[in-house]
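All values reported here derive from a predicted model rather than from experimental measurement. All values below come from the heavy atoms of this structure, side chains included, with hydrogens, waters and symmetry mates left out. Residue numbering restarts at 1 for every chain, and letters A, B, ... go by the order of the sequence lines.
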Amino acid sequence: MHLYNTLTRNKAEFVPRDPERVTMYVCGPTVYSYAHIGNARPAVVFDVLARVLRLEFPGLCYVRNITDIDDKINLAAAEKGVAISEIAARYTRAYHQDLAELGVLPPDVEPRATDYVDSIIEMISNLIDKGHAYAAEGHVLFSVASYPRYGELSHRDREEMLAGARVEVAPYKNDPGDFVLWKPSTEELPGWSSPWGRGRPGWHIECSVMAASHLGETIDIHGGGHDLIFPHHENEIAQSTCAHDGTTFVRYWLHNGFVNVNSEKMSKSLGNVLLVRNLLKEAPGEAIRLALLNAHYRAPLDWSDDTLAQAKRRLDGLYQTLRSLSDVQDEPQAELPSGFIDALDDDLNTPRALAELSSLARQANTTTESSQRAFLKSSIKRCGEALGLLQQDPARWFGEGAKDLDIALIEQLILDRNAAREAKDYGKADKVRGRLADMGVAIEDGPEGTRWRRS
RNA sequence: GGCUGGAUGGCAGAGUGGUUAUGCACCGGCCUGCAAAGCCGGCUACAGCGGUUCGAUUCCGCUUCCAGCCUCCA
């Protein structure tokens with residue numbers, strides 16, 4: 001498999017340090033509000049990467065953290081008048097629910113920052129001892145000047161960064177680029193006692209600590225949103241590398257592109273933040289997942305009014321094919337077609353993989369030979385599995401068993417209509433079909449009788 | 001200002017130095033009582049200007065436009 005590494009700006013073959021235990025860390029959410037589509041993208045993308053890696057490396061250890069200590073959480077708690085822990089718990093739960101709807105499998109480990117404060121304090125002390133950090137006015141800051149390779153990931157020069165600085169530099173910083181490892185907490189804010197007084201961790205340190213705790217000093221893959229390249233990941237590199245005496249922190253850096261909404265950046269000030277839970281009212285989670293995978297993960301994805309509907313219709317077609325294959329056996333051990341594998345092995349090219357999947361569906365729709373149909377069904381299901389799609393029963397996808405539909409009535413109406421057709425009373429037959437259509441039910445007459453689906 | 005990455009058909013979105021992406025929508029045909037689904041075909045796409053080349057959407061340069069990051073936003 002070849003992956004594009006942000007650090008080298010090149011696609012390179014992925015060769016794990018230890019094929020028995022491939023290590024991947026992805027920056028998870030800060031739990032201060034409901035997940036939006038931009039949070040969903042990395043979750044889905046790296047879920048697919050984990051699935052694909054596991055095909056070759058079953059010993060993959062995938063860690064995705066929850067950052068449950070952060071000033072944004074504190075702010076949300078103050079605004080809503082609830083306890084900070086309650087905010088974190090509430091949105092962690094919501095995050096899990098939303099991702100489950102999108103077919104995202106849980107990572108192997110999901111550490112929470114607040115469980116690692118002792119280790120965070122330990123790493124900070126270590127950095128101070130080694131001369132990479134210093135305490136000032138209750139804060140502890142990382143000294144970027146002590147790490148000459150700072151800026152390597154984001155391709156930034158420290159001098160140049162200063163020229164473009166938009167923010168006032170805190171007076172306790174030795175260097176404007178220094179960032180906070182630890183900061184003091186007031187009485188009402190969550191805090192832990194430390195050698196520098198009661199306080200809480202800064203933003204970046206928790207990921208360095210959790211990654212090292214579970215995956216060791218060097219990890220194979222580290223992923224996250226494109227915006228995290230600077231400063232978050234740049235700072236993680238500096239901290240981790242310095243704390244571990246120069247040991248390589250991450251071998252492959254992967255970053256997913258942003259989701260824009262109608263060509264604009266999604267932001268609270270523009271009021272165009274698309275929450276996963278709201279999108280789930282418009283379409284099934286699987287359609288959202290497909291929409292996310294329809295673009296290459298590194299490219300920006302523009303979410304327009306049409307995006308979800310297109311994905312939904314495409315899934316309709318795919319499930320239609322699976323439904324027509326319900327008479328043949330699915331072979332769970334079937335191998336993935338090479339074209340499909342090649343696409344995913346090429347820096348996780350999901351659009352190309354989806355094209356392969358569509359091609360299999362077309363073949364399945366064309367052929368009548370039953371062993372060939374069974375083979376294609378198995379291939380489609382295995383491809384779907386790798387992408388986290390097409391795993392439900394087509395009947396379920398098309399709405400049978402849905403609570404808001406009266407199945408018995410639908411079936412009775414279909415019987416009525418077929419009786420009318422038998423009697424060549426097409427006027428009545430069409431009238432019944434119209435009634436079903438009003439209920440949101442579409443009818444399909446086939447050689448094996450009439451079937452229906454949610455329209 | 002600095003650093004990245006983009007500009008592909010009605011829409012979404014891959015890819016390639018010369019041959020079909022794929023999907024959605026639309027149009028025509030087949031099938032069907034009619035539809036739907038499916039199948040077959042169509043819809044003459046690669047921002048602009050130069051250069052390299054037998055040949056460029058694909059390589060190089062320039063221009064225009066767009067997006068992201070520049071200390072706590074996935």
Side-chain angles (χ1 to χ4, degrees), chain A residues 6 9 26-30 35-43 45 67 70-72 144 151 154-157 159-167 169-170 173 176-180 183 202-204 223-232 234-235 255-260 263-268 273 290-291 294-296 298-307 309-318 320-321 323-324 343 346 349-359 361-362 364-366 421 424-427 429-430 433 437 442-447 450-453 455:
Chain A
T6 307
R9 314 268 156 161
V26 171
C27 289
T30 299
H36 55 66
I37 190 67
N39 296 307
R41 167 120 99 148
V45 160
T67 295
D70 184 279
D71 288 351
K72 289 192 295 296
V144 292
S154 52
H155 290 211
R156 275 159 220 268
D157 182 276
E159 303 294 323
E160 285 172 354
M161 267 156 44
L162 296 185
R166 304 184 298 199
V167 180
V169 177
K173 288 187 179 181
D178 292 351
F179 57 90
V180 172
K183 53 186 164 188
W203 176 33
H204 318 290
H226 193 259
D227 59 320
L228 296 180
I229 294 171
F230 189 89
H232 187 54
E234 194 70 72
N235 292 354
H255 294 95
N256 64 274
F258 257 48
V259 180
N260 295 322
S263 307
E264 284 183 314
K265 183 182 175 174
M266 188 166 59
S267 72
K268 279 188 181 158
V273 174
L290 176 61
N294 189 225
H296 182 86
R298 279 194 283 120
L301 169 59
D302 191 27
W303 198 277
S304 72
D305 301 331
D306 214 27
T307 304
Q310 282 195 18
K312 160 82 164 58
R313 286 195 208 102
R314 186 167 186 173
L315 271 177
D316 279 340
L318 259 11
Q320 197 78 250
T321 297
R323 175 147 85 168
S324 73
D346 182 11
N349 194 328
T350 53
R352 227 169 85 202
L354 286 166
E356 293 289 333
L357 187 52
S358 289
S359 157
R362 190 166 11 82
N365 289 336
T366 313
R421 290 172 69 212
K424 303 228 190 292
D425 183 355
Y426 296 121
D430 290 350
R433 182 168 61 199
I443 291 300
E444 293 168 13
D445 297 322
T450 300
R451 62 190 189 189
W452 65 276
R453 63 185 168 85
S455 56

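Using a 4.0 Å cut-off, some side-chain N or O of A:Lys265 falls inside it from OP1 or OP2 of B:C69. Taking side-chain N and O atoms only, A:Asn365 has a distance below 4.0 Å to OP1 or OP2 of B:C39. Side-chain N/O atoms of A:Asn349 include one lying less than 4.0 angstrom from OP1 or OP2 on B:G15.
Between B:A21 and B:C46, the distance separating the two C1' atoms is 13 Å to the nearest Å. Rounded to whole Å, the C1' atom of B:A37 lies 11 Å from the corresponding atom of B:C31. For the P atoms, the distance linking B:C43 with B:U22 amounts to 13 Å, nearest Å. The P atoms of B:C24 and B:A36 are separated by 15 Å, rounded to the nearest whole Å. Nucleotides B:G13 and B:U71 place their P atoms 29 Å apart, quoted to the nearest Å. Spacing between B:G42 and B:A47 at atom P, rounded to whole Å, works out to 24 Å. Comparing B:C59 with B:C69, their P atoms sit 27 Å apart, to the nearest whole Å. Annotation: B:C11 and B:A45 have their P atoms spaced 13 Å apart (nearest Å).
Heavy atoms of A:Lys183 sit under 4.0 angstrom from at least one base atom. Nucleic acid contact for A:Leu315: none, since no nucleic acid atom lies under 4.0 Å from a heavy atom of the residue. Residue-level contact check: A:His36 touches the bases, meaning some heavy atom is under 4.0 Å from a base atom. Looking at heavy-atom distances under 4.0 Å, A:Arg41 makes no contact with the nucleic acid at all. Using a 4.0 Å heavy-atom distance criterion, A:Thr307 is classed as making no nucleic acid contact. Nucleic acid contact for A:Gly225: sugar-phosphate only, since backbone atoms but no base atoms lie under 4.0 Å from a heavy atom of the residue. A:Asp302 comes within 4.0 angstrom of sugar-phosphate atoms only, judged by non-hydrogen atoms across all strands, and of no base.
Not one N or O on the side chain of A:Asp445 forms a donor-acceptor pair closer than 3.5 Å with the backbone of A:Thr450.
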Pairwise N/O distances under 3.5 Å, protein to nucleotides 34-37 of chain B:
residue, atom, partner, partner atom, Å
B:C34, O2, A:Arg433, NH1, 3.3
B:C34, O2, A:Arg433, NH2, 2.4
B:C34, N3, A:Arg433, NH1, 2.9
B:C34, N4, A:Asp445, OD2, 3.0
B:A35, N6, A:Asp445, O, 3.3
B:A35, N1, A:Asp445, N, 3.1
B:A35, N1, A:Asp445, OD2, 3.3
B:A35, N3, A:Arg433, NH1, 3.1
B:A36, O2', A:Arg453, NH2, 3.2
B:A36, N1, A:Asp445, O, 3.3

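Note: NZ (A:Lys312) to C1' (B:A12) measures 17 Å, nearest angstrom. Atom CG of A:Asp306 is separated from atom C1' of B:C26 by 13 Å (rounded to the nearest Å). Taking atom CG of residue A:Leu354 and atom C1' of nucleotide B:C24, one finds them 13 Å apart after rounding to whole Å. Note: CG (A:Leu357) to P (B:G13) measures 19 Å, nearest angstrom. One can place NE2 of A:His255 at 14 Å from P of B:G5, the figure rounded to the nearest angstrom. At whole-Å resolution of the value, CG in A:Asp227 and P in B:U4 are 18 Å apart. A:Leu290 has its CG atom 12 Å from the C1' atom of B:U22, to the nearest Å. Atom CG in A:Leu301 sits roughly 19 Å away from atom P in B:G23 (whole-Å rounding).
Looking at the side chain of A:Phe179, the nearest of the listed nucleotides B:A14, B:U22, B:U71 is B:U71. Picking from B:G2, B:A74, B:A14 the nucleotide with the shortest atom distance to the side chain of A:Asn256 gives B:A74. Distances from the side chain of A:Asn294 to the nucleotides B:A14, B:A12, B:G5 place B:A12 closest. Residue A:His296 places its side chain closer to B:A14 than to any other of B:A14, B:A21, B:A74. In this structure, the nucleotide among B:C73, B:A21, B:A14 sitting nearest to the side chain of A:Ala295 is B:A14. Taking every side-chain heavy atom of A:Arg362 into account, B:C40 is the closest of B:A12, B:C40, B:C73. If you check B:C3, B:U71, B:C72 against the side chain of A:His155, the one that comes closest is B:C3. With distances taken from any side-chain atom of A:Arg313 to the nucleotides B:C72, B:A25, B:G23, the minimum falls on B:A25.
Here A:Phe258 counts as stacked on B:A74: its ring centre is under 5.5 angstrom from the base ring centre and the planes meet at under 30°.
Take the nearest nucleotide of RNA chain B for A:Tyr426 and for A:Ser359: the residue whose nucleotide is more 5' is A:Ser359.
A salt bridge is defined here as a Lys NZ or Arg NE, NH1 or NH2 lying under 4.0 Å from an Asp or Glu carboxylate O, and A:Arg313 with A:Asp316 fails to meet this definition.
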- request: Go through the steps to decide whether A:Asp70 and A:Trp203 satisfy the test side-chain contact (heavy atoms from CB on, under 4.5 Å), and finish with yes or no.
  value: CA-CA 7 Å; A:Asp70 184 279; A:Trp203 176 33; 4.2 Å; yes

message: Checking A:Glu234 against A:Arg156 for the side-chain contact (heavy atoms from CB on, under 4.5 Å) test, could you report, in this order, the C-alpha distance in whole Å, the side-chain angles of both residues, the deciding distance, and whether it holds?
response: CA-CA 10 Å; A:Glu234 194 70 72; A:Arg156 275 159 220 268; 5.7 Å; no

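Looking at heavy atoms from C-beta onward, A:His226 lies out of side-chain contact with A:Pro300 at the 4.5 angstrom threshold. Contact annotation: the side chain of A:Asn256 never approaches that of A:Leu301 to less than 4.5 Å [non-hydrogen atoms, C-beta and beyond]. Counting only heavy atoms from C-beta outward, the side chains of A:Gln310 and A:Asn294 never approach each other to under 4.5 Å.
Between A:His204 and A:His232, the ring planes lie tilted relative to each other; the angle falls in the 30° to 60° range.
Nucleotide B:G38 forms a Watson-Crick or G-U wobble pair with B:C30, both donor-acceptor distances falling under 3.5 Å. Base-pair partner of B:C3: B:G68 (Watson-Crick or G-U wobble, both distances under 3.5 Å). Across all strands shown, B:G50 forms a Watson-Crick or G-U wobble pair, both distances under 3.5 Å, with B:C60.
Distance CG/A:Leu357 to CZ/A:Arg314: 7.5 Å, rounded to 0.5 Å.
Under the side-chain contact (heavy atoms from CB on, under 4.5 Å) rule, A:Phe258 has a single partner from A:Lys265, A:Arg41, A:Met266, which is A:Lys265.
Shortest non-hydrogen contact noted between A:Arg298 and A:His255 is CG-O, 3.6 Å.
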